[in-house]
Visitor: 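Quick one: the structure is below, and I'll ask about it shortly.
Computed from a predicted model, the values in this text were never measured in an experiment. As the structure lists them, so they are numbered: ligands from 1, and atoms in each ligand from 1.
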Amino acid sequence: MPKLVLAYSGGLDTTTAIKWLSVEQGYDVVALNIDVGMSREQPVVEARGLAAGAVKVRVIDAREDFIRYFAFPALAAGAVYQDAYPLATALARPLMAKLLVDVAHEEGASAVAHGCTGKGNDQVRFDVGIQTLDPALTIVAPTRENAMARETQIDYLRRHGVDIPWAAKGPFSIDENLWGRSAEAGVLEDPWEEPPPDAYEWTRSPEDAPATPAYLEIEYQHGLPVRLDGEELSPVALVERLNALGGLHGVGRVDHVEDRLVGIKSREIYEAPAAVILHAAHRALEAMTLSRQQIRLKKLIATEYAELIYNGLWFSGHHQDIAAYVASTQRHVTGAIRVRLQRGQAVVVGRRAAESLYDRALATYDRGDTYDQSAAVGFINIWGLQTRVQARRQLLGELPEALKIAMPREER
Ligand code: ARG
């Protein structure tokens with residue numbers, strides 16, 4: 001029988017997929033469970049996969065690679081989709097696509113499969129990633145090809161002798177990894193409806209968070225966080241600690257209506273305490289260490305980078321070009337940021353960098369000022385030159401008109 005490697009979460013959809021791919025499509029299914037930090041119990045996942053008829057269940061701990069090669073580069077770039085979503089799921093998919101292809105090669109498989117529907121972004125990220133890395137592999141998407149209702153799936157499994165006591169269906173559709181958690185569907189589909197408390201799992205509600213703030217000091221080296229409160233931590237440990245601490249203080253909740261690549265607008269609830277804290281601190285460090293022109297261009301690049309990650313183009317020349325630019329911008333982004341966590345907010349309260357462009361002797365209003373105030377007169381004379389000429393030649397007769405530019409519409 002031909003072999004297929006399935007991205008296996010251990011949930012009902014992909015467990016049904018194991019059976020369906022074996023019975024209906026005639027594959028020997030290798031179930032590949034990739035751990036990027038979701039809260040699933042590995043022994044249970046393995047037992048389920050085998051019970052459903054997988055010839056083998058493989059588990060790969062990809063957490064370190066996920067943070068080091070996917071989440072942290074996105075952090076250094078400042079990549080946040082539509083100024084709201086730190087891209088947790090979107091960043092994990094290309095890593096999963098890569099591992100699916102690697103394992104397919106190791107196992108001598110001719111096909112790979114994933115459990116995505118035909119409505120979302122994840123199918124695009126998987127398919128484009130896989131097609132890019134090995135165009136010869138057949139891609140099967142059971143949920144997209146043959147969607148079954150939950151009860152039908154449970155029935156189907158039972159009819160094939162797989163009797164697993166599935167927990168009751170949760171009120172939302174959840175995806176999570178170390179970089180964040182997302183909740184969709186159920187009552188969240190009404191964008192007017194405030195998310196119920198159980199939409200959140202990682203974060204306390206700000207009003208239940210401690211009144212006393214927590215202070216932390218995050219040290220970055222070339223744009224990457226390396227130390228927390230003076231202690232050197234691995235990327236995974238640092239993110240885990242910030243998720244716990246941020247969650248305790250209600251930091252990292254995002255309620256957002258987002259544009260999927262396929263054109264659907266969808267209401268998403270995210271929790272990403274570590275990502276939110278790390279992005280805020282990183283931005284503050286860049287404000288100290290990058291020039292205004294670098295900040296301006298990098299902001300445009302960050303938007304472009306977020307789009308390419310979101311839209312499944314991780315393995316692309318466009319990405320390589322952007323990554324080279326971002327790496328170059330981070331050469332001097334080294335220093336420490338102090339953050340206060342309190343009641344849902346992560347506020348930067350202090351910053352320090354050896355190669356900072358902030359010069360207190362220039363900024364000060366106290367003694368020790370080295371800035372030459374008299375030089376401002378000549379500077380302003382030149383800076384305003386063209387605007388003065390334009391006013392004289394083109395605008396002066398119409399000054400009342402020119403003033404109205406600044407007024408609200410109704411008064412024009
Ligand atoms: N909307 C987010 C994204 O496209 C989260 C998707 C979560 N995935 C899922 N299968 N529930 O990245």
Side-chain angles (χ1 to χ4, degrees), residues 6-17 33-40 66 70-71 74-75 77 79-97 100 113-130 139 141-145 147-148 150 153 169-189 191 195 198-203 252-273 275-276 279 303 305-314 319:
L6 165 73
Y8 182 54
S9 71
L12 177 58
D13 284 340
T14 48
T15 301
T16 308
N33 181 249
I34 299 162
D35 182 5
V36 281
M38 64 285 267
S39 49
R40 288 250 161 68
F66 174 55
F70 292 80
L75 167 67
V80 176
Y81 184 64
Q82 296 189 323
D83 292 328
Y85 169 39
L87 293 162
T89 301
L91 285 161
R93 297 315 188 191
L95 171 56
M96 293 178 174
L100 272 178
H114 57 70
C116 303
T117 72
K119 294 189 74 169
N121 302 303
D122 289 327
Q123 55 170 343
V124 181
R125 299 166 184 152
F126 269 115
D127 286 10
V128 173
I130 294 159
I139 303 172
T143 313
R144 186 169 59 193
E145 286 166 30
M148 284 189 230
R150 191 182 161 79
Q153 290 181 319
K169 182 181 163 11
F172 313 107
S173 159
I174 304 297
D175 186 65
E176 63 184 349
N177 62 47
L178 280 167
W179 203 233
R181 175 182 191 269
S182 70
E184 304 168 358
V187 292
L188 301 175
E189 285 176 0
D198 63 343
Y200 297 103
E201 202 175 285
W202 287 16
T203 55
R253 293 184 166 193
V254 178
D255 177 349
H256 180 229
V257 171
E258 160 183 305
D259 286 285
R260 291 192 190 157
L261 178 60
V262 295
I264 298 170
K265 278 194 188 286
S266 117
R267 203 278 190 88
E268 309 270 336
I269 301 302
Y270 295 114
E271 292 173 281
V276 165
H279 271 293
T303 306
Y305 196 31
E307 295 273 336
L308 91 78
I309 293 167
Y310 189 85
N311 294 331
L313 304 180
W314 183 268
H319 182 187

Visitor: One pair per line, please: each N/O atom of ligand 1 matched with every protein N/O atom under 3.5 Å away, atom names first, then the distance to 0.1 Å.
Guide:
unit_1, atom_1, unit_2, atom_2, d
ligand 1, 1 (N), E258, OE2, 2.8
ligand 1, 1 (N), E268, OE1, 3.1
ligand 1, 1 (N), E268, OE2, 3.2
ligand 1, 1 (N), Y270, OH, 3.1
ligand 1, 4 (O), N121, ND2, 2.7
ligand 1, 4 (O), R125, NH1, 3.3
ligand 1, 4 (O), R125, NH2, 3.1
ligand 1, 8 (N), D122, OD2, 2.9
ligand 1, 10 (N), D122, OD2, 3.1
ligand 1, 12 (O), Y85, OH, 2.6
ligand 1, 12 (O), R125, NH1, 2.9
ligand 1, 12 (O), R125, NH2, 3.1

Visitor: What distance separates E184 CD from E189 CD, expressed to the nearest 0.5 Å?
Guide: 9.0 Å

Visitor: For the backbone of Q82 and the side chain of E258, can you confirm whether one donor and one acceptor N or O come within less than 3.5 Å of each other?
Guide: no

Visitor: With rounding to the nearest 0.5 angstrom, report the CG to OG1 distance, D175 to T89.
Guide: 3.5 Å

Visitor: Ignoring hydrogens and geometry, is there a side-chain-to-backbone donor-acceptor pair from Y200 to I269 under 3.5 Å?
Guide: no

Visitor: Hey, does the side chain of R181 reach the backbone of E176 with a donor-acceptor pair shorter than 3.5 angstrom?
Guide: no

Visitor: Out of R93, M96, H114, which one pairs with R125 under the side-chain contact (heavy atoms from CB on, under 4.5 Å) rule?
Guide: R93

